[in-house]
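Shown next, in structure tokens, is the structure this report addresses.
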Amino acid sequence: MKYSALKGIHDIFPPDSFIWQHVENTAKEIFSSYGFHELRPPIIESTEVFVRSIGESSDIVEKEMYTFNDKAGRRITLRPEGTASVVRCYVENHLYNLPSPQKFFYSGPMFRYERPQAGRFRQFYQIGAEAFGVFDSIIDAEILSLLKLFFERIGLKELNFQINSIGCDVCRPDYRKALIDFFSSKLEALCPDCRRRYEINPLRILDCKVPDCIKLKEGAPVVIKYLCKECIEHFDSFQAYLNLLNIPFNINPNMVRGLDYYTRTTFEVTCEHLGAQNAVAAGGRYDKLVEEFGGPKTPAIGFAAGMERIISLLKNSGSIKIPAPRIFIASLDFESGKKALSIANNLREKGLWIELGYPGNSLKSQMRRADRVSAEYVFIIGEDEIKLGKLKWKKLSDKSQGEISFSEIDSLISNN
RNA sequence: GUGAGUGUAGCUCAAUGGUCAGAGCACUGGACUGUGGCUCCAGGUGUUGGGGGUUCGAGUCCCCUCACUCACCCCA
């Protein structure tokens, strides 16, 4: 084979593309009902947009971005995530002057230069949503409620909702310091990765999976105990809203998000059937980011859902119907072929999905193809039918068949 | 970036170091001269991922390389 798609980058084609459409259409419908409207940011930005939002020292920025110079020497990056672009757009276009809150959703490809594995690709698709301008945790609950309805509607089951609060810039420094104090005496026993995390982002030691590290973090300070009064109130009311909405959730104090911009609420939706990369959606609050981008002080919260992971769960559940043509028209020679073509044209103008058999193939093979594509009806036109001015029809599901004159085709369609 | 596993027909996979590398699925035709699913018959493509080595002989063993997969890191 001469050419293949790049590593970690995949084509999407039927029948999978039907599932993609189903998910995207459902998302648009559900998100709209929560007042989230589509925003289409570009997929490339100046590198600085991502460096400033995601964080200089994060892995994404340090080693995973597709970055290049354009012809004028500007530093350009293919977006590794969506939030940075949405915030840039929000600030650049002064959308904060519109009635608050402003709520947006987006969908499209993201790019990260990573080693591919199950549920992780170099080009991958996310559907995300962002809400600007609300401090109250009621919006946090609305976001989870939106996710729950979305996943229910597309047919995903057995999902776990995990939440946490990682504090704000008032209380997080205290917690960070407590963690550093706690682990400083255990440094030698930690795995090499955790020793590195200790330097870069001590919070990340908490979600290490190495058995020894799991033991060592018993008795480690819990973030919730260090939250300031405002953060506690926010987290408590968040949970009250979730209970009101009957959204089952677990508090996972070890869930710390990797991106620097998160504050207070973080959450993740996971599914056990996925493999190591088990999050189908994740997000959180980022109350400082708009300001850092030069906008007014504006609280915000958002999430991103991984399309490929959703699709793979739906494929395994086998619950998606693949659409099928309404009518398959088989024909046997030049004259009947012409008749078939013109009937097909008329019916397609009415919006019906019509497949044509081709007279070069035997009727048997045309019938077989009609069956393979799960056509509802087969029309058969040959020499006799042309002479008599009528065609034979057959309904494949129950084998019923009959004849109908060419002029009566419309009524057969509308009666069935 | 690190580690492990796998590369044989369009797809899923067989083949103890030994003759000509096979089967199922799928596709086309026929049995059924114009009626799908079931059954039977017929029809064919492989530089065994690529390169080198060991051997009388390599799909099989060794080395290199590439690709894919899974896991770590990280993250949707």
Side-chain angles (χ1 to χ4, degrees), chain A residues 1 3-10 54-55 57-65 79-83 107-129 147 191-194 196-197 200-201 204 207-210 255-259 267-271 274-284 302-313 328 330-333 336 357 359-385 391-401:
Chain A
M1 204 172 315
Y3 300 111
S4 57
L6 299 173
K7 183 194 276 286
I9 298 183
H10 299 289
I54 300 167
S57 66
S58 70
D59 272 36
I60 292 179
V61 167
E62 272 190 346
K63 48 191 191 195
E64 293 179 358
M65 295 206 303
R79 63 178 180 192
E81 60 112 38
T83 302
S107 73
M110 309 293 163
F111 303 85
R112 288 182 203 171
Y113 192 86
E114 301 183 276
R115 197 81 167 258
Q117 72 184 74
R120 177 205 274 168
F121 312 97
R122 288 187 173 176
Q123 176 175 334
F124 59 102
Y125 290 74
Q126 288 186 333
I127 290 186
L147 276 168
C191 72
D193 283 328
C194 279
R196 215 185 63 240
R197 291 175 181 126
I200 299 168
N201 185 355
R204 297 210 63 88
D207 55 10
C208 181
K209 291 158 204 147
V210 175
M255 186 183 62
V256 293
R257 312 257 70 239
L259 281 55
F267 56 88
E268 204 166 293
V269 185
T270 59
C271 182
L274 271 176
Q277 311 302 318
N278 67 350
V280 286
F303 71 85
M307 279 292 287
E308 286 82 355
R309 295 177 189 180
I310 292 170
I311 303 289
S312 90
L313 288 170
F328 186 99
S331 59
L332 298 168
D333 58 19
S336 57
N361 295 336
S362 67
L363 179 61
K364 186 185 183 68
S365 76
Q366 293 186 58
M367 289 295 291
R368 192 157 45 218
R369 200 180 124 224
D371 184 53
R372 290 293 301 277
V373 298
S374 304
E376 195 176 345
Y377 288 93
V378 178
F379 285 179
I380 298 166
I381 309 174
E383 223 174 323
D384 300 345
E385 285 75 14
L391 58 75
K392 296 203 168 100
W393 60 265
K394 179 169 188 177
K395 191 171 183 181
L396 290 181
S397 55
D398 62 7
K399 298 181 175 179
S400 62
Q401 51 186 320

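Please read these numbers as outputs of a predicted model, since none were measured by experiment. Chain identifiers are assigned alphabetically (A, B, ...) following the order of the sequence lines, protein sequences preceding nucleic acid strands; residue numbering begins at 1 within each chain.
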Review point. Can you check the A/Asn278 CG to B/rA71 C1' distance for me, whole Å?
Key: 14 Å
Point to revise | Partners passing ring-ring contact (aromatic ring centres under 6.0 Å, His included) against A/Phe121 (at least two apart in sequence or in another chain) | key: A/His10
Practice item. Mind calculating the distance between CZ (A/Phe121) and P (B/rU69) to the nearest angstrom? Key: 8 Å
Exercise for review: May I ask you to say what A/Tyr113 touches in the nucleic acid, namely base, sugar-phosphate or nothing, with a heavy-atom cut-off under 4.0 Å?
Suggested key: nothing
**Study point:** Watson-Crick and G-U pairing of RNA chain B, under 3.5 Å, as dot-bracket with | and [ ]
**Key:** (((((((..((((....[...)))).(((((.......))))).....(((((..]....))))))))))))....
Practice item. Locate the shortest heavy-atom distance separating A/Ile127 from A/Phe303; write the atom from each residue and the value. Key: O-CE1, 4.0 Å
**Study point:** Given B/rA71, B/rG29, B/rG34, the nucleotide with the shortest approach to the side chain of A/Ser362
**Key:** B/rG29
Review point. When all nucleic acid strands are considered with a 4.0 Å heavy-atom cut-off, which category describes A/Asp371: base, sugar-phosphate, or nothing?
Key: base
Point to revise | side chain to side chain donor-acceptor pair (under 3.5 Å) partners of A/Gln401, counting only residues at least two apart | key: none
Practice item. Could you give the distance separating B/rG22 and B/rC38 at their C1' atoms, to the nearest angstrom? Key: 27 Å
Revision key, fill the gap. Comparing nearest nucleotides in RNA chain B, the 5'-proximal residue of the pair A/Pro116, A/Ile381 is A/Ile381
**Study point:** Selection from B/rG34, B/rG36, B/rC74 that lies nearest to any side-chain heavy atom of A/Leu363
**Key:** B/rG34
Point to revise | Length of the line joining A/Gln366:CD and B/rU28:C1', which is rounded to integer Å | key: 14 Å
Exercise for review: Look only at the side chain of A/Arg309 and the backbone of A/Ala279, and say whether a donor-acceptor pair between them is shorter than 3.5 Å.
Suggested key: yes
Check your understanding: Rounded to the Å, how far apart are A/Leu274 CG and B/rA76 C1'?
Key -> 10 Å
Point to revise | Residue mapping more 5' on RNA chain B - nearest nucleotide basis, A/Gly306 or A/Gln401 | key: A/Gln401
**Study point:** Residue A/Arg368, side-chain atoms from C-beta onward, closest of B/rA76, B/rC75, B/rU28
**Key:** B/rU28
Practice item. Could I get the full list of salt bridge (charged side-chain N to carboxylate O under 4.0 Å, His left out) partners for A/Lys364, not counting sequence neighbours? Key: none
Review point. Reckon A/Val280 touches a base, only the sugar-phosphate, or nothing at all at heavy-atom distances under 4.0 Å?
Key: sugar-phosphate
Check your understanding: What interatomic distance, in whole Å, is found between P of B/rG50 and the corresponding atom of B/rU8?
Key -> 10 Å
Exercise for review: For A/Arg115, check salt bridge (charged side-chain N to carboxylate O under 4.0 Å, His left out) against everything at least two apart and list the hits.
Suggested key: none
**Study point:** Distance test, side-chain N/O of A/Gln277 to OP1/OP2 of B/rC72, below 4.0 Å
**Key:** yes
**Study point:** Which residues share a salt bridge (charged side-chain N to carboxylate O under 4.0 Å, His left out) with A/Asp193, sequence neighbours left out
**Key:** A/Arg196
Check your understanding: So what does A/Ala281 hit on the nucleic acid, given a heavy-atom distance under 4.0 Å: a base, only sugar-phosphate, or nothing?
Key -> sugar-phosphate
Point to revise | B/rC13 and B/rG30, which share atom name P, separated by this distance in whole Å | key: 33 Å
Exercise for review: With P as the reference atom in both, quote the distance from B/rG57 to B/rG52 in angstrom, rounded to an integer.
Suggested key: 16 Å
Point to revise | B/rC74 phosphate, OP1 or OP2, under 4.0 Å from A/Ser58 side-chain N/O | key: no
Check your understanding: Is A/Glu376 reaching over with its side chain to a backbone N or O of A/Lys395, donor-acceptor style, under 3.5 angstrom?
Key -> no
Review point. Say you pick atom P in B/rA4 and the same atom in B/rC64; how far apart are they, in whole Å?
Key: 12 Å
Check your understanding: What pair of heavy atoms forms the shortest contact from A/Pro80 to A/Ile54, and how long is it?
Key -> CG-CD1, 3.8 Å
**Study point:** Proximity to the side chain of A/Ser365 - top-ranked nucleotide from B/rG29, B/rU35, B/rA71
**Key:** B/rG29
Practice item. Name all residues meeting the ring-ring contact (aromatic ring centres under 6.0 Å, His included) criterion together with A/Phe124; count only those two or more places apart in sequence or in a different chain, and write none if there are none. Key: none
Exercise for review: Could you check whether A/Glu64 gets within reach of a base, just the sugar-phosphate, or nothing at all, counting any heavy atom under 4.0 Å?
Suggested key: sugar-phosphate
Review point. Can you tell me if the side-chain N/O atoms of A/Arg309 get under 4.0 Å from OP1 or OP2 in B/rC75?
Key: no
Exercise for review: Tell me what A/Arg196 touches on the nucleic acid: a base, only sugar-phosphate, or nothing, going by heavy atoms under 4.0 Å.
Suggested key: sugar-phosphate
Practice item. Please lay out, stage by stage, how A/Ser331 and A/Phe379 fare under the test side-chain contact (heavy atoms from CB on, under 4.5 Å). Key: CA-CA 8 Å; A/Ser331 59; A/Phe379 285 179; over 6 Å; no
Point to revise | Set of salt bridge (charged side-chain N to carboxylate O under 4.0 Å, His left out) partners for A/Glu268, sequence neighbours left out | key: A/Arg257
Review point. Given atom CD1 of A/Ile60 and atom C1' of B/rG1, what is their separation to the nearest angstrom?
Key: 16 Å
Give me the distances for all protein-to-nucleotides 65-68 of chain B N/O pairs that come in under 3.5 Å?
unit_1	atom_1	unit_2	atom_2	d
B/rC68	OP2	A/Lys7	NZ	3.0

Exercise for review: Identify which nucleotide among B/rA76, B/rA71, B/rG34 has an atom closest to any side-chain atom of A/Ala118, counting heavy atoms from C-beta outward.
Suggested key: B/rA71
**Study point:** side chain to side chain donor-acceptor pair (under 3.5 Å) partners for A/Asp333, two or more places apart
**Key:** A/Ser336
Check your understanding: Hey, does A/Gly128 reach any base, or is it just sugar-phosphate, or nothing, if we go heavy atoms under 4.0 Å?
Key -> nothing
Practice item. Could you tell me whether the phosphate oxygens of B/rC72, OP1 or OP2, come under 4.0 Å of any side-chain nitrogen or oxygen in A/Gln117? Key: yes
Practice item. Pick the C1' atom in B/rA31 and in B/rA67, then give their distance to the nearest Å. Key: 45 Å
Exercise for review: Kindly point out which of B/rG34, B/rA76, B/rU35 is positioned nearest to the side chain of A/Lys394?
Suggested key: B/rU35
Check your understanding: What distance, rounded to whole Å, do you find between the two C1' atoms, one in B/rC68 and one in B/rG49?
Key -> 10 Å
**Study point:** Value in whole Å for how far the C1' atom of B/rC75 lies from CZ of A/Arg122
**Key:** 15 Å
Point to revise | Spacing between A/Met367 atom CE and B/rG30 atom P, to the nearest angstrom | key: 15 Å
**Study point:** Sidechain-backbone polar pair: A/Arg112 side chain, A/Met65 backbone, donor-acceptor under 3.5 Å
**Key:** no
Point to revise | Same-atom distance (P) from B/rU39 to B/rC20, integer angstrom | key: 36 Å
Between N or O atoms, less than 3.5 Å apart, protein on one side and nucleotides 31-33 of chain B on the other: list the pairs.
none

Study note, to complete from the structure: When rounded to whole Å, the CD to C1' distance for the pair A/Glu383 and B/rG34 reads 11 Å
Exercise for review: Not counting sequence neighbours, which residues clear side chain to side chain donor-acceptor pair (under 3.5 Å) with A/Arg369? List them please.
Suggested key: A/Glu355
